[in-house]
Amino acid sequence: MVRKLRREGYIHSEALARAMRKVRREAFMPNQYVEYAYAPYSAYPIPPYTGNHTISAPNTYPLFYEPLKVKPGDSCLEVGTGSGYGAALLQELVGEEGKVVSIEANRETYDFGKKNLEDVTYTQVKVVHGDGTKGYPPDAPFDKIVVTASYVRIPQPLKEQLARPGKLIMPVGRSHLQYLTLLEKDADGNVREEVLDSVLYVPLRGEYGYQ
Ligand code: SAH
């Protein structure tokens, strides 16, 4: 899978290749889909199986993490824990000195993601059950913020909880047309946005998302 994602131009950095080789993706898949754990371009449903919760396709993690340039020591916030797979990769990228906080709004999904992370001993990841559109003030500011669900705009609290400098990435748009958007904040607090790709993600619900 990693070789393929490199060849196809998704993975550029050695750090991400190493992380994706190390994290056992099958540990984050529901039992009935385990045989597809290394299918590079497919997302799969996860509890509670309503269609609004998925483990994202493997190629999308480099799509998000390469432009963010996640590095050892970074403090990261992930909105939408889902399976926990993305959080495990982030923890590998930030290393022992770094910090990963991951928020999941759905209780059943939260239980699934948290258990997966614990089973594979990613116990350093702080998994929180709550509305990630409000960010997570107790650990703000964050060097990097990843939002793995889509809405028409980037929630204001997330922009505010981004460090100077800092980078945030999120699918922005409507339900069937979204643009992966990279927001960069410089050391003076100036912000610029860049559109990278078109993607398809589940809806971001909450106070600063869909009601
Ligand atoms: N990163 C995940 C994929 C998550 S799918 C992985 O690697 O497996 C997106 C998730 O975002 C869904 O589980 C959904 O419940 C969650 N979500 C939607 N709105 C949210 C919000 N306001 N706060 C936290 N999680 C949210």
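Both counts, for ligands and for their atoms, begin at 1 and track the order of listing.
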*Asks:* Using atom types as modelled and distance alone, determine if a side-chain donor or acceptor of Tyr122 lies under 3.5 Å from a backbone N or O of Gly84.
*Replies:*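 Checked: no pair found.
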*Asks:* Counting each atom of ligand 1 from 1 as listed, which ones have a heavy atom of Thr133 under 4.0 Å away?
*Replies:* 22 (N)
*Asks:* Apply side-chain contact (heavy atoms from CB on, under 4.5 Å) to the pair Leu16 and Glu66, showing each step before the final yes or no.
*Replies:* CA-CA 8 Å; Leu16 186 57; Glu66 293 286 24; 3.7 Å; yes
*Asks:* At a 4.0 Å threshold, what atoms of ligand 1 neighbour a non-hydrogen atom of Thr148?
*Replies:*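 By the 4.0 Å cutoff, the relevant atoms are 1 (N), 3 (C), 4 (C), 5 (S), 9 (C).
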*Asks:* Enumerate the atoms of ligand 1 whose separation from the nearest heavy atom of Thr81 is less than 4.0 angstrom.
*Replies:* 1 (N), 2 (C), 6 (C), 8 (O)
*Asks:* For atom OH of Tyr44, decide whether the heavy atoms of other residues, nucleotides or ligands shown that lie under 6.0 angstrom number more than 12.
*Replies:*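 Yes, the 6.0 Å shell around OH holds more than 12 heavy atoms from other groups.
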*Asks:* Salt-bridge test for Glu14 and Arg6: reply yes if a basic N is under 4.0 Å from a carboxylate O, no otherwise.
*Replies:* yes
*Asks:* At the 4.0 Å heavy-atom cut-off, does Gly209 count as touching ligand 1?
*Replies:*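 No.
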*Asks:* Measuring from the heavy atoms of Gly130, does anything fall under 4.0 Å of ligand 1?
*Replies:* yes
*Asks:* Does a side-chain N-to-carboxylate-O contact under 4.0 Å join Lys4 and Glu8?
*Replies:*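 Salt bridge: no.
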*Asks:* Could you check atom 15 (O) of ligand 1 against the protein and tell me its nearest heavy-atom contact, residue, atom and distance included?
*Replies:*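 Ranking protein heavy atoms by distance from atom 15 (O) of ligand 1, first comes Glu104 OE2, 2.6 Å.
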*Asks:* Does Tyr49 have more than 12 heavy atoms from other residues, nucleotides or ligands lying within 6.0 Å of its OH?
*Replies:*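 Correct, the count exceeds 12.
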*Asks:* Do Lys99 and Asp139 sit within salt-bridge range, that is, some charged N less than 4.0 Å from a carboxylate O?
*Replies:*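 A salt bridge is present here (some side-chain N lies under 4.0 Å from a carboxylate O).
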*Asks:* Under 4.0 Å from any heavy atom of Leu204, which atoms of ligand 1 are there?
*Replies:*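 Atoms satisfying the 4.0 Å criterion: 19 (N), 20 (C), 21 (C), 22 (N).
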*Asks:* Using a plain distance cutoff, I'd like to know if Gly86 has any nitrogen or oxygen under 3.5 Å from a nitrogen or oxygen of ligand 1.
*Replies:* yes
*Asks:* Heavy atom to atom 1 (N) of ligand 1, shortest distance: which of Ala149, Gly80, Ala43, Ala88 holds it?
*Replies:* Gly80
*Asks:* I need the nearest protein heavy-atom contact for atom 19 (N) of ligand 1: residue, atom name and distance, please.
*Replies:* Arg205 N, 3.1 Å
*Asks:* Considering non-hydrogen atoms of the protein only, which is the closest contact for atom 24 (C) of ligand 1, and what is the distance?
*Replies:*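 It is Ala105 N, 3.3 Å.
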*Asks:* Would you say the side-chain atoms of Gln178 pair up with the backbone N or O of Tyr201, donor to acceptor, closer than 3.5 Å?
*Replies:* yes
*Asks:* Output yes when the distance from some N or O of ligand 1 to some N or O of Glu78 is under 3.5 Å, and no in every other case.
*Replies:*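 Yes; at least one N/O pair falls below 3.5 Å.
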*Asks:* Of the protein's non-hydrogen atoms, which lies at the shortest distance from atom 3 (C) of ligand 1, and what is that distance?
*Replies:* Thr54 O, 3.2 Å
*Asks:* Note the single closest protein heavy atom to atom 18 (C) of ligand 1, along with its residue, its atom name and the distance in Å.
*Replies:*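 Ranking protein heavy atoms by distance from atom 18 (C) of ligand 1, first comes Pro203 O, 3.6 Å.
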*Asks:* Looking only at protein heavy atoms, identify the closest one to atom 8 (O) of ligand 1 and say how far it is in Å.
*Replies:* Ser83 OG, 2.6 Å
*Asks:* I need the atoms of ligand 1 closer than 4.0 Å to a non-hydrogen atom of Ser56, numbered in the order shown.
*Replies:* 3 (C)
*Asks:* For the rings on Tyr85 and Tyr61, is their centre-to-centre separation under 6.0 Å?
*Replies:* yes
*Asks:* Run the numbers for me: atoms of ligand 1, each under 4.0 Å from some heavy atom of Ile103, listed by number.
*Replies:*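 The atoms of ligand 1 under 4.0 Å from a heavy atom of Ile103 are 24 (C), 25 (N).
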*Asks:* Consider ligand 1: state whether an atom of it lies below 4.0 angstrom from any non-hydrogen atom of Ile46.
*Replies:* no
*Asks:* Under 3.5 Å between any N/O of Asn106 and any N/O of ligand 1: does that happen in this structure?
*Replies:* no
*Asks:* Is the count of non-hydrogen atoms from other residues, nucleotides or ligands lying under 6.0 Å from Gln32 atom CD greater than 12?
*Replies:*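 Above 12, so yes.
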*Asks:* What part of Thr109, side chain, backbone, both or neither, has a heavy atom within less than 4.0 angstrom of ligand 1?
*Replies:* side chain
*Asks:* Around atom CG of Asn31, are there more than 12 heavy atoms from other residues, nucleotides or ligands closer than 6.0 Å?
*Replies:* no
*Asks:* Of the protein's non-hydrogen atoms, which lies at the shortest distance from atom 23 (N) of ligand 1, and what is that distance?
*Replies:*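 Of every protein heavy atom, Gly132 N, 2.8 Å lies nearest to atom 23 (N) of ligand 1.
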*Asks:* Counting each atom of ligand 1 from 1 as listed, which ones have a heavy atom of Asn52 under 4.0 Å away?
*Replies:* 12 (C), 14 (C)
*Asks:* Got more than 12 heavy atoms from elsewhere within 6.0 Å of CZ, Arg21?
*Replies:*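 Check passes, neighbour count above 12.
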*Asks:* When only distance counts, is Val202 in polar contact with ligand 1, meaning an N/O pair under 3.5 Å?
*Replies:* no
*Asks:* Report the nearest protein non-hydrogen atom to atom 6 (C) of ligand 1: residue, atom name, distance rounded to 0.1 Å.
*Replies:*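 I find the closest protein heavy atom is Tyr61 OH, 3.3 Å.
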*Asks:* Could you grab the distance from atom CD1 of Ile46 to atom OG1 of Thr81, nearest 0.5 Å is fine?
*Replies:*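 Separation between the atoms: 9.0 Å.
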*Asks:* Taking the basic N atoms (NZ, or NE/NH1/NH2) and the acidic carboxylate oxygens, is any pair closer than 4.0 Å for Lys115 and Asp119?
*Replies:* yes
*Asks:* I'd like to know if the side chain of Asn116 and the backbone of Phe112 have a donor-acceptor N/O pair within less than 3.5 Å.
*Replies:* yes
*Asks:* Decide whether the shortest distance between a heavy atom of Leu89 and an atom of ligand 1 is less than 4.0 Å.
*Replies:*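 Under 4.0 Å: no for Leu89.
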*Asks:* Using distance alone, decide if ligand 1 has a nitrogen or oxygen within less than 3.5 Å of any nitrogen or oxygen in Val79.
*Replies:* no
